[in-house]
Amino acid sequence: GQLVESGGGWVQPGGSLRLSCEASGVMFSISAMGWYRQAPGNERELIAQITTDGITLYADSVEGRFTASRDNAKNMLYLQMDDLKPKDPAVYYCKACYGQVWGQGTQGTVSS
């Protein structure tokens, strides 16, 4: 199975990015999914989880600013990131809990 993230880039503080994660060869519709991020020098951290039927759970650091969603028909996972802050720059990864499959990551940068 494979996960491919896209949508990273550079924004100013307060801006938004929308990340996408396309699944192939993964039992996407029966897998809970997660979004993680890893900043330089830091451990990879779980920031959002979404169940197969769309129930979400967020880390305190992104609660109220980030929104995870999924389209099971398209095998797509999304992360809408709003009100981005200087503490948010990182490589963002998606992960399929079923099969423990990771994407390659996409960089999100926030600076003025």
Side-chain angles (χ1 to χ4, degrees):
Q2 185 178 14
L3 299 173
V4 178
E5 299 97 337
S6 61
W10 172 84
V11 294
Q12 293 184 331
S16 299
L17 286 173
R18 180 176 170 84
L19 306 183
S20 298
C21 172
E22 182 175 9
S24 60
V26 174
M27 301 295 283
F28 185 82
S29 63
I30 65 169
S31 178
M33 300 292 295
W35 283 103
Y36 293 71
R37 68 183 180 186
Q38 186 169 19
N42 292 352
E43 294 185 355
R44 192 171 298 187
E45 62 170 332
L46 175 63
I47 58 171
Q49 303 173 72
I50 184 167
T51 66
T52 55
D53 53 0
I55 297 172
T56 52
L57 184 65
Y58 301 97
D60 289 344
S61 57
V62 306
E63 178 78 55
R65 301 187 298 121
F66 290 12
T67 304
S69 61
R70 64 191 295 164
D71 185 335
N72 289 340
K74 296 181 178 179
N75 284 354
M76 292 294 296
L77 176 71
Y78 305 100
L79 185 67
Q80 178 67 39
M81 305 190 295
D82 297 318
D83 190 23
L84 283 161
K85 302 183 183 300
K87 65 179 179 179
D88 292 320
V91 178
Y92 286 78
Y93 300 89
C94 59
K95 179 188 175 184
C97 296
Y98 190 94
Q100 301 294 304
V101 181
W102 288 91
Q104 85 289 350
T106 185
Q107 177 73 49
T109 302
V110 182
S111 72
S112 55

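Because only heavy atoms are used, hydrogens play no part in the values below, and waters and symmetry mates are left out as well, while side chains stay in.
- Smallest separation of non-hydrogen atoms from Ser61 and Arg37: OG-NH2, 3.6 Å.
- Screening Lys95, Glu22, Arg70 against Leu77 for a side-chain contact (heavy atoms from CB on, under 4.5 Å) leaves a single residue, Arg70.
- Inter-residue side-chain proximity for Val26 and Tyr98 is flagged as unmet; no heavy-atom pair is nearer than 4.5 Å.
- When all heavy atoms are compared, the tightest approach of Ala39 to Pro89 is CB-O, 3.7 Å.
- Here the rule is salt bridge (charged side-chain N to carboxylate O under 4.0 Å, His left out) with Arg65, and of Asp82, Asp83, Asp88 only Asp88 fits it.
- A single hydrophobic cluster is seen to contain both Val91 and Leu46, as judged by linkage of ILVMFWY side chains at heavy-atom distances under 4.5 Å, directly or through other members.
- Counting only distance, with no hydrogens or angles, the side chain of Gln107 and the backbone of Gly9 share no donor-acceptor pair below 3.5 Å.
- There is a path of hydrophobic side-chain contacts, each under 4.5 Å, that joins Tyr58 to Trp35.
- Tyr36 and Trp102 have their aromatic ring centers within a separation under 6.0 angstrom.
- Val62 and Leu84 fall within a single hydrophobic cluster, where Ile, Leu, Val, Met, Phe, Trp and Tyr side chains are chained together by heavy-atom contacts under 4.5 Å.
- Counting all heavy atoms, side chain and backbone alike, Ala68 lies closest to Ala48 at CB-CB, 4.2 Å.
- We find the OG-OH distance between Ser6 and Tyr92 to be 15.0 Å, quoted to the nearest 0.5 Å.
- Note on Tyr78: it does not cluster hydrophobically with Leu3, by side-chain heavy-atom contacts below 4.5 Å among ILVMFWY residues.
- Using a 4.5 Å cut-off on side-chain heavy atoms (C-beta onward), Ile47 and Leu79 make contact.
- Taking CG from Asn72 and CE from Met33, the interatomic distance works out to 9.5 Å, rounded to the nearest 0.5 Å.
- By the 4.5 Å heavy-atom criterion applied to side chains, Phe28 and Met76 are not counted as neighbours.
- Checking side-chain atoms of Ser31 against main-chain N and O of Cys97 turns up a donor-acceptor pair under 3.5 Å.
- Separating the CD atom in Gln38 from the CD atom in Glu43 is a distance of 8.5 Å, to the nearest 0.5 Å.
- A single hydrophobic cluster is not seen to contain both Tyr93 and Ile50; linkage of ILVMFWY side chains at heavy-atom distances under 4.5 Å, directly or through other members, places them apart.
- Environment of CD in Gln100: crowded, with over 12 heavy atoms of neighbouring residues, nucleotides or ligands closer than 6.0 Å.
- From Ser29, atom OG reaches atom CG of Asp71 across 11.5 Å, with rounding to the nearest 0.5 Å.
- A 4.5 Å side-chain heavy-atom check between Glu5 and Leu19 finds every atom pair outside the cut-off.
- Nearest heavy atoms, Asp53 versus Thr51: OD1-OG1, 2.6 Å.
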